[in-house]
Number of protein chains: 2
Amino acid sequence: MQSLQQKASEWSGVHPSDAFAIDETNLFEALGGIQPFIDLSTNFYNRVYEDDEEWFHSIFANSVKEDAIRNQYEFFVQRMGGPPLYSERKGHPALIGRHRPFPVTHAAAERWLHHMQLALDSVAQIDPDSKVKMMNFFRHTAFFLVAGDELKNQRQGVACKHAASKPSSG
Amino acid sequence: MQSLQQKASEWSGVHPSDAFAIDETNLFEALGGIQPFIDLSTNFYNRVYEDDEEWFHSIFANSVKEDAIRNQYEFFVQRMGGPPLYSERKGHPALIGRHRPFPVTHAAAERWLHHMQLALDSVAQIDPDSKVKMMNFFRHTAFFLVAGDELKNQRQGVACKHAASKPSSG
């Protein structure tokens, strides 16, 4: 059976060593602190919440935009060498667990990445080399979550088969 | 509805600021590198796999001890300021997602912590102050995973109710 990491690499086309090249330097310090991350996430969610692709837009219908922005940039800051803002406020990132309510399909991953690439392009404080590193991380992570989502569906399927078979087994 | 973080704090008795005090200093560097983490996880899993409490022991029946040891110390090293060994090999820690196969009950959390306290006590290279910080982190995290486990059960319950009701609804 393929691991989450293997699926993420195969589907994203990004090798783990490229995905986690964000750890080669401290990006938080290199980019000069929190502001570029706030700008990135604000730009990203502005695009997402204005997306005219209804199927994608609707995934975020139950989330408050300001919360989504803060959750995202606090996680990015923490993961890219800054203070652990996310964990102090919300606990472990627990990426798969916290994405349970969302249908993270291949198409959703690609749409998410489409907006993120445009958002990255729009933040001048982030240098081109850091943009490449961050995009590799985002791309690998997006498909890691697709793999996590499939795991959820498989497992629920098995659990429900048992539940559904009970009434007719007597 | 209580968040994962709130449940973790209430059930563990550990405030988030104490749980994430591991981030105040670089514990990996303070402890002198990887060896204390290898020793800790080896000692911990030796205890777990020799536990005469069968209900707890059996949770690990499908895992290979050497893999469990490596997964754990690579995560600890990464989370406590060392190189991202875990992510390079396995991807995001995704703590809740990766604990899906295991029944993380309150009793299991307490038994895990019982063994971890003894394991910590046995590693002389870890100073008493670091032990306190690490134990607060472990205790909070253990109950964070109990909260994650309950989320899983709730969600599966809902999904299965739908599946089970289909045959009789026609």
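Side chains are part of it too, since the values below use all heavy atoms of this structure and drop only hydrogens, waters and symmetry mates. A, B, ... follow the sequence lines: proteins, then strands. Residue 1 opens every chain.
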(request) List the steps and the verdict of side-chain contact (heavy atoms from CB on, under 4.5 Å) for B/L4 and A/K90. (result) CA-CA 7 Å; B/L4 293 167; A/K90 301 202 65 174; over 6 Å; no

(message) So for B/L95, is it side chain, backbone, both, or neither that comes closer than 4.5 Å to the heavy atoms of chain A?
(response) both

(request) Sort out for me which of B/R98, B/Q6, B/H140 touches chain A most, counting heavy-atom pairs under 4.5 Å. (result) B/R98

(message) Using heavy-atom distances under 4.5 Å, tell me whether B/A94 contacts chain A through its side chain, its backbone, both, or neither.
(response) both

(request) Residue by residue, scan residues 71-89 of chain A and write down, ordered by number, those that have a heavy-atom distance under 4.5 Å to chain B; if none do, write 'none'. (result) A/Q78, A/R79, A/P84, A/S87, A/E88, A/R89

(message) Can you tell me which portion of B/T141 sits under 4.5 Å from chain A's heavy atoms? Options are side chain, backbone, both or neither.
(response) both

(request) Examine B/V14 and B/I96 and state if one hydrophobic cluster contains both, with Ile, Leu, Val, Met, Phe, Trp and Tyr joined whenever side-chain heavy atoms are less than 4.5 Å apart. (result) no

(message) Counting neighbours of CG on A/N62 that are heavy atoms of other residues, nucleotides or ligands and sit closer than 6.0 Å, is the number greater than 12?
(response) no

(request) Only pairs at least two apart or in different chains count here, so list each salt bridge (Lys or Arg N to Asp or Glu O under 4.0 Å) that has a residue in residues 104-120 of chain A. (result) A/D51-A/R111, A/E110-A/R139

(request) Working to the nearest 0.5 Å, report the span between CZ of B/F20 and NE2 of A/H92. (result) 4.5 Å

(message) Counting only non-hydrogen atoms closer than 4.5 Å, can you tell me which residues of residues 22-40 of chain B sit against chain A?
(response) B/D23

(request) Taking heavy atoms only and a threshold strictly under 4.5 Å, list by residue number the residues of residues 112-132 of chain A that touch chain B; give 'none' if the list is empty. (result) none

